[in-house]
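Numbers restart at 1 for each chain; the letters A, B, ... are given by sequence-line order, proteins then strands.
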Amino acid sequence: MPENRPLLHATAVTKTFPGTVALDGVDFTLHSGEVHALLGENGAGKSTLIKCLTGAYRRDGGEILLDGRPIDPRDTLEAQTLGIGTVYQEVNLLPNLSVAENLCLGHQPTRFGMISSRAMSRSARQTLAQYGLEIDVTRNLDTYSVAVQQVVAIARAVSLSGKVLILDEPTASLDALEVRMLFDVVRALKERGLGIVFISHFLDQVFEISDRITVLRNGKLVGTQAIAEIDRTRLVNLMLGRELEQETRESGRTDRPEGEAMIRFRDFGRGGRIAPFDLDIHAGEVVGVAGLLGSGRTETAETLFGVTPHDSGAASDAGKPLHLGSPRDAIAGGFGFCPEDRKSDGIIGDLSVRENIVLALQARRGWTKPVPAREQAAMADEFIRRLDIRTPDAEKPVGLLSGGNQQKVMLARWLATNPRFLILDEPTRGIDVGAHAEIIRLIEELCARGMALLVISSELDELVAYSHRVIVVRDRHHVAELVGAEITTNNMVAAIAADREAAL
Amino acid sequence: MTAAKAILRRVAPQLLTLAAVLGLIALVHPGFFDVSIANGRLYGSAIDILNRGAPVALLAIGMTLVIATRGIDLSVGAVMAISGAVAAAAITSGIGLVPTLALALVTGIACGLWNGLLVAVLGIQPIVATLILMVAGRGIAQLITEGAILTFNHKGLIFFGSGAFLGIPMPVLIWLAAGLLVTLVVRRSALGMLIEAIGVNLRASTLAGINARVLLIAVYMTSGLCAALAGVIAAADIKGADANNAGLWLELDAILAVVVGGTSLLGGRFSIIASLIGAMIIQAVNTGILLSGFPPEFNLIIKAAIILVILVLQSPTVRTTLAFFRRDKASAEAKAETVIQ
Ligand SMILES: Nc1ncnc2c1ncn2[C@@H]1O[C@H](COP(=O)(O)OP(=O)(O)OP(=O)(O)O)[C@@H](O)[C@H]1O
Ligand SMILES: [Mg+2]
């Protein structure tokens with residue numbers, strides 16, 4: 001049970017950015033031995049609050065007490081020495097150092113004053129084993145997927161946090177098993193009396209792990225409550241400030257379009273990434289892709305889009321061969337691809353929201369035919385309105401937007417090209433409950449207008465909600481295809497569990 | 001009009017710096033701004049800065065684009081020497097002015113193509129890729145001039161170094177025209193945005209369908225072309241090609257001009273106009289030191305010190321600190337006002 005004196009006590013924290021009041025007098029208390037969820041829409045100010053607490057941003061006003069003493073960390077390093085470990089929303093490690101070095105940076109084990117790389121690798125392996133991760137820790141971090149990088153970031157923060165652990169959307173790219181392991185670690189830390197701040201848009205996880213919640217909306221504190229005193233509908237209400245009407249579906253859609261396939265892939269594969277598969281894409285159809293991380297989902301998408309061009313098989317478009325040797329070829333063929341790792345593959349951080357939205361369209365038109373300034377502005381404004389992108393204006397650098405809003409800008413970039421076939425890799429990652437429903441509605445709307453979509457998602461309910469067909473990927477093979485009424489979470493879980501057993 | 005305002009806001013720090021440097025020179029050297037006309041050409045210290053600054057200004061144009069893609073071109077000084085040598089050799093062989101100019105410029109473009117291929121196709125880091133030509137280039141130039149200073153006496157070619165049109169020295173006209181032309185091409189088309197995009201995030205840009213490889217090669221070729229123009233002007237100015245000294249260390253001045261112009265070495269947002277002003281700032285510092293009559297052995301140290309001050313004033317940390325003080329002052333004033341009320 002929480003003690004009387006809070007572990008971390010922040011009062012009236014205020015932070016303003018040009019054009020935005022990101023935090024407006026927010027109070028926040030964290031007791032030791034509690035998991036405190038911080039909730040709110042995209043752009044509500046969650047990450048900003050964290051960054052003010054850990055000194056990543058200078059706050060404009062407010063006071064922070066740790067153990068009753070005022071603190072004012074100047075940077076994250078100082079926060080770490082005070083015992084606050086943080087995993088920021090955008091993984092913040094050094095991609096060209098090894099996994100072990102990333103884990104041990106700043107506190108490397110030494111022998112006779114020299115860094116002992118053997119000891120470092122050993123301790124790194126032990127640390128990661130707690131999360132069920134057995135990888136070669138001497139390889140560079142950037143050779144691993146976002147999920148692995150996320151686990152490494154978490155492991156590092158956990159090992160650094162003596163009093164407070166802050167996790168900003170740590171589970172966005174983890175699969176169910178990894179989430180379970182993370183929660184085991186979190187519970188153990190809680191037992192040891194740490195205070196844990198947890199940010200997530202997955203409400204199931206929030207209800208599972210947290211003791212109390214604090215909700216922010218538009219930079220203001222809405223309230224703090226014990227989780228036992230609140231239900232899901234009420235929570236969503238607090239976050240959005242309105243009701244969320246959401247229909248749930250039991251099984252996949254059965255109104256699958258008939259007739260000839262628009263694009264056919266035969267024996268399509270890439271050695272070492274994805275085994276050859278056959279795939280037919282019909283206009284007006286949503287094909288879901290389910291599978292564990294690293295099972296070949298992203299590899300499928302990247303091969304289809306020519307990022308890692310196929311080395312077997314062929315694609316055809318209404319009987320005519322379709323050349324897919326590069327993203328440019330794919331785009332010329334009417335494809336679009338919204339990648340999973342938005343920071344490294346998606347956004348152009350320093351360019352404005354407007355430029356990020358027109359970029360793919362502009363690249364397709366060629367440099368000699370610039371999209372007229374007025375059209376650019378109109379296009380940006382339209383998507384900002386349609387996707388409810390929270391930004392003061394279209395000229396703000398996209399890197400300064402909140403994570404979920406960056407994701408929406410990525411979607412806008414591809415919708416602006418009006419593709420025939422749109423590949424979405426985890427389109428709802430980091431998106432709040434309200435926007436989540438919006439994006440599912442958008443997928444249905446696009447498909448009703450005759451666009452074909454291939455959507456990769458770890459959220460099985462979501463796949464059920466919009467898919468006509470679901471492909472299950474296992475060990476870099478397409479192993480099962482569920483159609484219409486066969487698409488249920490249970491069936492998918494069964495296919496994926498089979499995958500686990502097969503793998504073990 | 002808003003576009004003009006945006007440009008003005010972008011280059012304001014550079015303009016202020018230039019004004020400060022010029023003001024300082026005028027203090028120690030009255031009559032600095034005097035301009036006279038002789039032989040149909042303007043003369044004066046201020047004109048001299050515009051004129052002497054031409055090679056660095058030209059190099060800075062190409063360098064800005066290269067740096068915007070997150071690259072760097074160390075070879076421009078050597079390329080100047082090569083194309084100067086080619087121009088001198090061609091004109092002395094008597095093939096005429098136009099073929100000579102064409103040959104020199106094509107040589108520069110070819111050098112840029114080489115750099116571009118190394119960077120964009122082989123994926124070699126720009127600093128290493130262009131270092132190759134930086135080192136080898138001077139050797140190539142020496143081969144062309146056969147180790148001596150290759151002089152020429154062709155009026156037409158010399159005109160590009162010391163001639164004037166409507167009173168304005170040719171080098172000034174050339175760098176102004178080149179700067180204007182490249183700016184227009186880059187900003188009126190989508191090139192500017194595409195270059196900035198690949199500079200910020202190459203992988204994401206490629207995934208968005210930008211043909212980064214071709215764009216990179218084109219950018220290095222532009223840099224080569226600008227270097228060739230600078231090389232021709234430098235050769236025409238001394239009526240000869242000096243493989244050892246033409247363009248020596250100018251790549252560093254060009255990089256400095258871009259940095260003083262506020263374009264980040266990390267790529268992305270760029271401004272050619274700001275780089276050109278940066279080039280003039282550097283030239284003004286050079287000329288100022290000469291005019292002030294310091295012993296020449298102090299020149300480099302003074303120059304370094306002045307540039308250090310300029311860069312420190314432009315550094316983000318100092319800027320935020322200044323903004324902080326300004327805000328503090330503003331809020332203090334606001335408080336004072338309420339007290340008065
Ligand atoms: N460095 C910055 N400069 C300018 N504005 C910023 C900056 N960082 C955040 N903002 C703005 O502050 C607001 C709050 O952003 P924040 O990242 O805290 O949102 P969030 O609640 O974490 O959202 P999400 O769920 O999407 O991650 C947003 O409107 C964002 O655009
Ligand atoms: Mg956030």
Side-chain angles (χ1 to χ4, degrees), chain A residues 16 18 58 60 142 301-302 305-307 326-333 335-352 354-373 376 395 397-399 406 410 413-414 416-417 419 423 425, chain B residues 1-3 5-6 9-10 65 67-70 125 182 184-219 222 262-271 316-317 320-321 323-324 327-328 331:
Chain A
T16 341
R58 301 291 296 167
D60 297 339
D142 61 2
E302 290 187 344
F305 196 65
V307 182
S326 69
R328 285 177 65 75
D329 291 342
I331 291 167
F335 289 28
F337 172 46
C338 196
E340 173 184 27
D341 184 351
R342 67 168 168 258
K343 191 180 178 191
S344 78
D345 299 352
I347 63 162
I348 316 280
D350 291 349
L351 297 198
S352 67
R354 168 181 58 78
E355 287 167 310
N356 269 277
I357 291 176
V358 299
L359 193 67
L361 180 65
Q362 182 63 67
R364 193 176 67 191
R365 286 169 63 127
W367 65 273
T368 49
K369 293 194 218 66
V371 181
Q376 292 191 17
E395 296 308 316
V398 77
Q406 294 180 3
M410 289 304 304
R413 175 188 295 168
W414 290 106
T417 65
I423 304 168
D425 196 350
Chain B
M1 266 299 80
T2 47
K5 230 191 239 166
R9 177 135 23 97
R10 167 67 180 78
L65 298 181
I67 286 179
T69 66
R70 204 175 199 157
Q125 283 183 11
V182 176
L184 280 182
V185 167
V186 158
R187 292 300 175 193
R188 282 290 160 85
S189 74
L191 271 178
M193 183 174 99
L194 299 180
I195 287 173
E196 288 173 344
I198 62 174
V200 176
N201 190 338
L202 181 64
R203 186 172 154 79
S205 304
T206 317
L207 284 180
I210 297 177
N211 199 343
R213 194 170 280 184
V214 169
L215 214 51
L216 276 174
I217 293 175
V219 161
T222 310
T263 297
S264 164
L265 286 176
L266 295 178
R269 294 285 186 214
F270 68 89
S271 164
T317 324
T320 38
T321 317
F324 183 78
R327 198 182 52 201
D328 251 20
S331 61

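Here the CG atom belonging to B:Leu202 is positioned 11.5 Å from the OG atom belonging to A:Ser344, to the nearest 0.5 angstrom. Atom CE of B:Met193 sits about 6.0 Å away from atom CD of A:Gln376, to the nearest 0.5 Å. Here the CZ atom belonging to A:Phe305 is positioned 7.0 Å from the CG atom belonging to B:Leu207, to the nearest 0.5 angstrom.
Within a 6.0 Å sphere centred on CD of B:Gln125, heavy atoms belonging to other residues, nucleotides or ligands number 12 at most. Atom CZ of A:Arg58 is surrounded by more than 12 heavy atoms from other residues, nucleotides or ligands within 6.0 Å.
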Next item on the list: Could you please spell out the steps behind the side chain to side chain contact (heavy atoms under 4.5 Å, CB included) verdict for B:Arg203 and A:Val307?
Entry: CA-CA 10 Å; B:Arg203 186 172 154 79; A:Val307 182; 4.2 Å; yes
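Pairing each heavy atom of B:Ala204 with each of A:Gly346, the nearest pair is CB-O, 3.3 Å. Of all the heavy atoms in B:Arg269 and A:Ser352, the pair that sits closest is NH2-N, 3.6 Å. Between A:Leu359 and B:Ile210, the closest heavy-atom pair is CD1-CD1, 3.8 Å. What you find for B:Val200 and A:Ile348 is that their closest heavy atoms are CB-CG2, 3.5 Å. B:Ala208 approaches A:Arg413 most closely through the heavy-atom pair CB-NH1, 4.0 Å.
For A:Leu351, the parts sitting under 4.5 Å from any heavy atom of chain B are the backbone and the side chain alike. Using a 4.5 Å cut-off between heavy atoms, A:Leu361 does not touch chain B at all. Only the side chain of B:Leu194 comes within less than 4.5 Å of a heavy atom of chain A; its backbone N, CA, C and O stay farther away.
Note: B:Gly209 leads B:Gly199, B:Gly209, B:Gly268 in heavy-atom pairs under 4.5 Å with chain A.
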